[in-house]
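Please read the structure below before turning to the comments.
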Amino acid sequence: MKLLSQLRSPAVRDSLGIGVAVGAAGLAFGTAAVAAGLSPAQALFLSLFMFTGASQFALVGVIAGGGSLVAGALGALLLGARNTLYGLRLADVLGYRGARRALAAHGVIDETTAVTLVQPDRESARTAFMTTYVVLGGFWVATTLVGALATERVSDVDAFGLDAVGPAIFLGLLWPRLREGGPRTWLIAGLGAGSALAATPFLPPGVPVLLAASAALLSFVGVGDRAPEGVGACERSDGSHGSDASEGARP
């Protein structure tokens, strides 16, 4: 009965919906990765072990543009740095220890964080986190493989315009944050785009993207004085609540 009630809970319902919807985007990554010159096995490896969509698209985007693997990896690391801040916040909320904590660290991404932090208690937070992690991760890896294998069978990737999938998806990920963000968000985006455009004629492929990603470091200024936008505070182990509780968070 307890298992049945958990399956019907809002935590599981919301986590399943987000996991399936976002996980299906792995099709686009698999397509973009193979179009950039990676093999299906390499695309699958990235989705399985890297498991952070924006950074994965950034990496293959640099490779597709002729940039070096080092430049792509550094750009991906800069984008993925936000997951470290998420992890610091979730460590207290979830309360995992030992091997379970190490496993959970792999699943700390935008979606798992957003779903977890709006839960009213630790049990619901753990249920939401693990459900989103398992469902989204499973769909992301499976659809990456499907997209990569399907694209590998296309003889001329450019003829279908598949080389534009990566940049298009990256813009799709960026636009909601620009639309909902304030002046600070637009400033960071403008500095990143402007620096990349200005540097493109003078620097090797991939380096302008890395330079643009460094503009994101501005987002860390004053981050300790405010809570992440769009997420509420989960009840902590001592029963207290943070002052930034909010509802309706979206990944």
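Starting from 1, each residue takes its place in the sequence as its number. All values derive from a computational prediction rather than experimental measurement.
Using a distance-only test at 3.5 Å, with no hydrogens or angles considered, a donor-acceptor pair links the side chain of Arg126 to the main chain of Gly95. Checking side-chain atoms of Arg122 against main-chain N and O of Asp92 turns up a donor-acceptor pair under 3.5 Å. The backbone N or O of Thr113 sits nowhere less than 3.5 Å from a side-chain atom of Thr116 that would complete a donor-acceptor pair.
Here the OG1 atom belonging to Thr143 is positioned 10.5 Å from the CZ atom belonging to Phe29, to the nearest 0.5 angstrom.
When all heavy atoms of Ala35 and Thr151 are compared, the pair lying nearest together is N-CG2, 4.4 Å. Nearest approach of Ala32 to Phe57, heavy atoms of both residues: CB-CE2, 4.2 Å. Heavy-atom minimum distance, Arg89 versus Leu117: NE-CD1, 3.1 Å.
With sequence neighbours left out, the side-chain contact (heavy atoms from CB on, under 4.5 Å) criterion links Ala148 to Val34, Pro40, Ala43.
In this structure, Leu149 belongs to a hydrophobic cluster whose other members, linked by side-chain heavy atoms under 4.5 Å apart, are Leu44, Phe45, Leu48, Phe49, Val141, Leu145.
In this structure, Leu197 is not a member of the same hydrophobic cluster as Val62, with clusters built from ILVMFWY side-chain heavy atoms closer than 4.5 Å.
Between His106 and Tyr133, the ring-plane angle classifies as tilted under the 30° and 60° cut-offs.
A 4.5 Å side-chain heavy-atom check between Gln119 and Phe129 finds every atom pair outside the cut-off.
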